[in-house]
2 protein chains.
Amino acid sequence: MKPYVLVIEDEDAILTLLEYNFQKEGYDVGLATDGEMGLIMAAERTPDFIICDWMMPKLSGVEVCRRLRRKDETRATPIIMLTARSEETDKITGLDFGADDYMVKPFSMPELLARVRALLRRASPTLLEDVIRHGSLEIDLKSVRVKRGEKELHLGPTEFRLLEHFMRSPGRVFSREQLLDTVWGRDIYVESRTVDVHIGRLRKALKVNGEADPIRTVRSAGYAFEPPL
Amino acid sequence: MKPYVLVIEDEDAILTLLEYNFQKEGYDVGLATDGEMGLIMAAERTPDFIICDWMMPKLSGVEVCRRLRRKDETRATPIIMLTARSEETDKITGLDFGADDYMVKPFSMPELLARVRALLRRASPTLLEDVIRHGSLEIDLKSVRVKRGEKELHLGPTEFRLLEHFMRSPGRVFSREQLLDTVWGRDIYVESRTVDVHIGRLRKALKVNGEADPIRTVRSAGYAFEPPL
DNA sequence: TAAAACTGTCATACTTCTGTTATATAGCCG
DNA sequence: CGGCTATATAACAGAAGTATGACAGTTTTA
């Protein structure tokens, strides 16, 4: 269901960082601390995507890449290489060893996520069928469906757009006016209090067997979506 | 507070366009339809950024620029000039009248926004920051959260704005009147003693397992934020 | 075309925040 | 150490912001 990302990286800090962020984005994450382990894990469960460090003990990133490309299951799996600035060579910029893209450390998380999405979209479009996931919440823009865990929820059109908007910028607080502008539309006039009502309806709809309310009220500022675990 | 952008432009269509887009980006926007009005507005509330048309009735953009540069408050304020293609002269391309950048109409909104961000980043970096950190204290403007170490704190709206203001200028002492002006707002009248109360509330809220109080009282002068270790 | 679903608004009950004041405390100066 | 002034704090009433159920008008669906 969720895309499975395999991260092969020997620095613990980066491993943790990636794990955290990918999980937050709704991926299943596999972690390997060296190339050998990476290959084994890739064999166990074929990843939809691989992030791989360039310099690693035992097996270098290049070598991991080569071997992955030799197997049928992973021949077409997108791979992003991570390198330190100092390692930036012609070889890597040319990506002539089988990777699809590379990023220089330290990299920006949003950018990495964006590139992953881009590559995933190309490689396995069905996986990214315009679905946004945060924790147990899942919203499918194409088929207009919302699920919390296994349960499918029913939202009205306005609640759906509201949730979509929230889930596109998790954590960020939007004022009622901003929400009216983006979710309702710029030239429509509705009372800003109406937002409250729809937030209430959304909350009610999202409430499933006692899970936490993912919408945070910020007094005198607006509302925000907080990715539930 | 949000960055305040002053737009001086005589074409209504462009004015509206800019207002809409800047507001959406989270700026406070001031609109002036000619140079004179622009100067007055700039005097009333010092802008963080100015967008100014090149050709305008009464006062030309160049002249507006010159006068802005003569005042202390706006001497360093970034200015972007807007010109029509036909007006593109050596003078403007050289920016030798005090503007920081210029754009030819019709311009692309994303590009304009990018340039504004770039200039703002240079001129007043903290304005664009989503999170400001000092020592163990961290304030996130976008998601409206405050953390001290690992602990998330709860502040009332006024305390939040107060802290934000302090953290943008660490170490600097503000009088009660200054605080009332910037944090409460120019035209609101409240007792200056009220500031004491809110400072007290802020201190209380920031107090986490014995860490030092980051707010310093300056007798007979005001308060200052001292970055905690 | 009737029934069902959805919207926006309002009134009401709450909750949280604000500004003020009164009183206690602390800093400064001779 | 007074005496003076500035600041800290608690208490409180009123203000402001939010949640929620009800309702009437619309739109969509069956």
Side-chain angles (χ1 to χ4, degrees), chain A residues 139 143-146 152-166 173-207 212-226, chain B residues 139 144-146 152-166 173-207 210 212-226:
Chain A
I139 181 171
S143 58
V144 194
R145 286 167 189 281
V146 181
E152 171 134 14
L153 310 178
H154 173 78
L155 304 193
T158 307
E159 280 77 58
F160 186 88
R161 290 200 306 276
L162 198 51
L163 180 61
E164 174 186 347
H165 183 249
F166 273 131
V173 174
F174 297 98
S175 71
R176 294 181 174 70
E177 285 65 32
Q178 285 177 318
L179 291 172
L180 285 174
D181 269 10
T182 52
V183 176
W184 272 256
R186 237 183 123 45
D187 15 66
I188 288 181
Y189 180 72
V190 286
E191 284 295 323
S192 81
R193 285 279 136 226
T194 299
V195 175
D196 298 30
V197 177
H198 280 276
I199 290 281
R201 286 169 181 160
L202 178 56
R203 277 179 167 144
K204 194 167 164 190
L206 294 181
K207 185 154 47 188
D213 176 9
I215 292 173
R216 177 167 64 109
T217 301
V218 182
R219 186 176 233 257
S220 84
Y223 299 94
F225 171 80
E226 300 298 331
Chain B
I139 181 171
V144 192
R145 284 171 181 285
V146 180
E152 170 136 15
L153 311 178
H154 174 79
L155 305 192
T158 307
E159 281 77 57
F160 187 90
R161 291 199 306 275
L162 199 50
L163 180 61
E164 175 186 348
H165 183 248
F166 273 130
V173 177
F174 297 98
S175 71
R176 294 182 174 68
E177 284 65 33
Q178 285 176 315
L179 291 173
L180 285 174
D181 267 10
T182 51
V183 176
W184 272 256
R186 232 156 276 280
D187 16 65
I188 284 180
Y189 180 73
V190 286
E191 284 296 323
S192 80
R193 285 281 131 222
T194 300
V195 175
D196 299 30
V197 177
H198 280 276
I199 290 282
R201 285 169 181 159
L202 178 56
R203 277 177 167 146
K204 190 168 165 193
L206 293 182
K207 185 153 49 191
D213 176 9
I215 293 172
R216 180 165 59 103
T217 301
V218 182
R219 196 181 163 84
S220 79
Y223 299 94
F225 172 81
E226 300 297 335

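In what follows, chains are A, B, ... by sequence order, proteins preceding strands, each numbered from 1. Side chains included, hydrogens not; waters and symmetry mates left out as well; all remaining heavy atoms used.
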| field | Candidate list B:His154, B:Arg201, B:Lys204, B:His198, test side-chain hydrogen bond (donor to acceptor under 3.5 Å, both in side chains), partner B:Glu159, passing option | value |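 So, applying the side-chain hydrogen bond (donor to acceptor under 3.5 Å, both in side chains) to B:Glu159 and each of B:His154, B:Arg201, B:Lys204, B:His198, only B:His198 qualifies.
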
Side-chain N or O of [X] versus OP1/OP2 of [N]: is the shortest distance under 4.0 Å?
X: B:Trp184; N: C:dG19; result: yes
X: A:Thr217; N: D:dT18; result: no
X: A:His198; N: D:dT18; result: no
X: B:Arg203; N: D:dA8; result: yes
X: A:Tyr223; N: D:dA19; result: yes
X: A:Arg193; N: D:dA19; result: no
X: A:Ser220; N: D:dG17; result: no

Taking atom [atom2] of [N] as reference, at what distance in whole Å does atom [atom1] of [X] sit?
X: B:Leu180; N: C:dG19; atom1: CG; atom2: P; answer: 9 Å
X: B:Asp213; N: D:dT9; atom1: CG; atom2: P; answer: 9 Å
X: A:Tyr189; N: C:dT7; atom1: OH; atom2: C1'; answer: 15 Å
X: A:Lys207; N: D:dT20; atom1: NZ; atom2: C1'; answer: 11 Å
X: B:Arg201; N: D:dT9; atom1: CZ; atom2: P; answer: 12 Å
X: B:Phe160; N: C:dC17; atom1: CZ; atom2: P; answer: 13 Å
X: B:Ile199; N: D:dT9; atom1: CD1; atom2: P; answer: 11 Å
X: B:Asp196; N: C:dT18; atom1: CG; atom2: C1'; answer: 14 Å

| task | May I ask you to test the A:Phe166-A:Phe174 pair for a side-chain heavy-atom distance under 4.5 Å? | result |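 The answer is yes; the side chains approach within 4.5 Å.
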
| query | Does the side chain of A:Arg176 reach to within under 4.5 Å of the side chain of A:Asp196, using non-hydrogen atoms? | reply |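 Yes, their side chains come closer than 4.5 Å.
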
Looking only at the side chain of [X] (C-beta and beyond, no hydrogens), which of the listed nucleotides [options] gets closest?
X: A:Glu191; options: D:dT18, C:dT7, C:dT9; value: C:dT9
X: B:Val197; options: C:dG8, C:dT21, D:dT7; value: C:dT21
X: B:Arg219; options: D:dA6, D:dA22, D:dA8; value: D:dA6

| request: For A:Val218, answer base if it contacts any base atom (sugar-phosphate contacts may also be present), sugar-phosphate if it contacts only those atoms, and nothing otherwise; contact means non-hydrogen atoms under 4.0 Å. | output: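 It contacts sugar-phosphate atoms only.
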
| query | If you look at every heavy atom in B:Ala205 and B:Leu155, which pair is closest and at what distance? | reply |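 Where B:Ala205 meets B:Leu155 most closely, the heavy atoms are CB-CD2, 3.2 Å.
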
| task | I would like to know whether B:Arg161 and A:Ser220 meet side-chain hydrogen bond (donor to acceptor under 3.5 Å, both in side chains); could you show each step before the answer? | result | CA-CA 11 Å; B:Arg161 291 199 306 275; A:Ser220 84; 5.4 Å; no

